[in-house]
Number of protein chains: 2
Amino acid sequence: MPATVQSIERAAAILRLLGGGSRHLPLGEIAHSLDLAKGTTHGILRTLQHVGFVEQDRVSGHYQLGAGLVRPGAGYLDPNELRSHAINWADPLAARTGEAVRVGTVLDGRVLVVHHVFRPDDTFQTLDVGTLLPIHATALGKVLLAYRSAGVAPPADLDRFTRRTVRTPHGLAAEVVRVRDAGWGYEVEEMTPGNASVAAPIRGPGGLVVGAVGTSGLVERICDRRYHPHPHLVALVRETARAISRELGDGRH
Amino acid sequence: MPATVQSIERAAAILRLLGGGSRHLPLGEIAHSLDLAKGTTHGILRTLQHVGFVEQDRVSGHYQLGAGLVRPGAGYLDPNELRSHAINWADPLAARTGEAVRVGTVLDGRVLVVHHVFRPDDTFQTLDVGTLLPIHATALGKVLLAYRSAGVAPPADLDRFTRRTVRTPHGLAAEVVRVRDAGWGYEVEEMTPGNASVAAPIRGPGGLVVGAVGTSGLVERICDRRYHPHPHLVALVRETARAISRELGDGRH
DNA sequence: ATCAATGTTCGGTAATGCCGAACGGCCGTC
DNA sequence: GACGGCCGTTCGGCATTACCGAACATTGAT
């Protein structure tokens, strides 16, 4: 069994320690029990806290197991937090692209819209925050499906909305690998005739995909003549996704 | 929130991914979802498997959540495994010290003897594997208490066995800090008149204390004139503990 | 028989996380 | 009222760490 990641072993040991007894220990005690330096222990605990595995008592400062260990269905990022972080970046994206922007996450096999910025013109539009979108016919959904963020209900019923809606599970699987290879996804008239959309994944701590952000609008404005999204539009969407990811704690970008 | 341990974040993300859906994913899929190299992902998974957080399906090779996540009270090392690893080292210790050797772990606030090697002479001795020893009057117990291995029931009832048995919680606390500073523990006639014992902690992956090993015998053979254990005896016990720890996956030694 | 999956290993390198000392706050004691 | 211990936290420096990517061994499907 050559080479294990000792940082993770230590984290696991801390979790075990917290789970196996007092479930309410001061940092010094943990460090001493595991024969680690206080600073080291603090770093590990900070990380565990960040991902929701441990919580810290505000008054005593002691550490205890967090709610995130057993999974109550949802990912460790609740929709509210996703929304509050995405909100600062969605507006600029809408302004620069001139299109509507939506932020979504997976809920029960569908796409829950957690934020929506109107297209910056005067036309009448309906706010669809809270709406559940199909996962196989939207750019947001394809992206979320590709990275298996959370709920991952394998789509059983592929409702057909337009002539272009992906019908077969096989075709959907092909789409998924496309998204994965490219790092972003799109859709043209698969949900609504005359409409197209582009989306990119939002990553949380550790690189886990926790949501997606994208624009949607009239086909002739989103795509070029060959029905491919404009490259600069794709770039803008991806940059926005990376910015939000950075804010959510994804280190790499 | 400056600087988090990204290796742990990644591990957490993997756990979330496994917990949130298919609960049965191949390595490549995990790596792809988190945008990590296969090798990296494998290392993390190997570690998580080592600590019991994930398991691997033997036939398909796929990974899924392990039983160790929810804590069924016990530590992630079951007594049988502790015993099977300790057994190779307990015999030599008995041979070199000429005394009886016992290996124990915490069970429900007491010391469960998981292995016992007789003193290598012809005198009659009773096998006490399976016996539950008091935690406050044995060297094994003091060591286990000091490092809070698992059950950590704070001793409510301090049974008094001999004149020397530690009576007050206060005195016991003092003993605990002594053990922690020294890295080993002992006891002289606190359990049985004429008997003394020495013990050292056994650490599992991550440095978590999962058990203890020690010798016990007549006071005049264990201790010097001032009722302190012979240094070379202490050294032997500690070396044995370290050897077992190494075998159990504690990297440092 | 080929191809595409799977999981696994290995070596080189830069980034990584570890350490230990110093800091600031809080509470009990003297 | 001032001190001392304990709490958690921060920071800089160094060496270890764990990451990456490519190559490998197997298996199963085409």
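To find a chain, count down the sequence lines: A is the first, B the second, and so on, and within it residues start at 1. All figures in this text were calculated on a predicted structure; none of them were measured in a lab.
Rounded to a whole Å, the CG atom of Leu34(B) is 11 Å from the P atom of dC20(D). Rounded to whole Å, the distance from CG on Leu25(A) to C1' on dG8(D) is 15 Å. Atoms CG (Asp57(A)) and P (dG8(D)) sit 11 Å apart, rounded to a whole Å. Taking atom CG of Leu27(B) as the reference point, atom P of dT27(D) lies 18 Å away to the nearest angstrom. Between the CZ atom of Arg180(A) and the C1' atom of dA5(C) there is a distance of 13 Å, given to the nearest Å. One interatomic measurement links the two molecules: CG of Leu45(B) to C1' of dT6(C), which rounds to 14 Å at whole-angstrom precision. Rounded to whole Å, the distance from CG on Asp35(A) to P on dC18(C) is 14 Å. For Gln49(B) and dG7(C), the CD to C1' distance is 11 Å, given to the nearest whole Å.
Between the side chain of Ser245(A) and the backbone N or O of Arg203(A), at least one donor-acceptor pair lies under 3.5 Å. Under a 3.5 Å cut-off, the side chain of Arg46(B) and the backbone N or O of Thr4(A) do not form any donor-acceptor pair.
Nearest to the side chain of Leu36(B), among dC20(D), dT9(C), dT10(D), sits dC20(D). The nucleotide whose nearest atom lies closest to any side-chain atom of Ala37(B) is, among dT8(C), dC20(D), dC18(C), dC20(D). The side chain of Gln56(A) lies closest to dG8(D) when the candidates are dT10(D), dG8(D), dC19(C). Between dT9(D), dG21(D), dG7(C), one nucleotide has an atom nearer to the side chain of Tyr63(B) than all others, and that is dG7(C). With dC18(C), dG8(D), dG7(C) as the choices, the nucleotide that has an atom nearest any side-chain atom of Pro26(A) turns out to be dG8(D).
Between Ile14(B) atom CD1 and Leu45(B) atom CG the span is 4.5 Å, to the nearest 0.5 Å. Ile87(B) contributes atom CD1, which lies 10.5 Å from atom CG of Leu82(B) (distance to the nearest 0.5 angstrom).
If Ser7(A) and His62(A) are placed on DNA chain D by their nearest nucleotide, the residue sitting closer to the 5' end is His62(A). Between Val5(A) and Gly28(A), the residue whose closest nucleotide on DNA chain D is further toward the 5' end is Gly28(A).
With P as the reference atom, dG5(D) and dG1(D) are 23 Å apart, rounded to whole Å.
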With both pairing distances under 3.5 angstrom for Watson-Crick or G-U wobble, and | for a partner in another strand, the correct string for DNA chain C is ||||||||||||||.||||||||.|||.||
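Lys142(A) pairs in a side-chain hydrogen bond (donor to acceptor under 3.5 Å, both in side chains) with only one of the listed residues (His136(A), Glu187(A), Glu190(A)), which is Glu190(A).
Put simply, Arg46(A) has no side-chain N or O that comes within less than 4.0 Å of OP1 or OP2 on dG8(D). Between His42(A) and dT9(D), a side-chain N or O to OP1/OP2 separation shorter than 4.0 Å is present. Phosphate contact (OP1/OP2 of dC19(C), side-chain N/O of Arg10(A), threshold under 4.0 Å): present.
No hydrogens or angles were tested; on distance alone, nothing pairs the side chain of Lys38(B) with the base of dG21(D) as donor and acceptor under 3.5 Å.
For the residue pair Leu34(B) and Leu17(B), the shortest heavy atom distance occurs at CD1-CD2, 3.7 Å. Val51(B) and Pro205(B) make their closest contact through CG1-CB, 4.3 Å (heavy atoms, listed as atom of the first residue, atom of the second, distance).
Contacts of Gly39(B) with the nucleic acid, taken as non-hydrogen atoms under 4.0 Å apart, include base atoms.
With a 4.5 Å cut-off on side-chain heavy atoms, Trp89(B) and Val213(B) do not count as touching.
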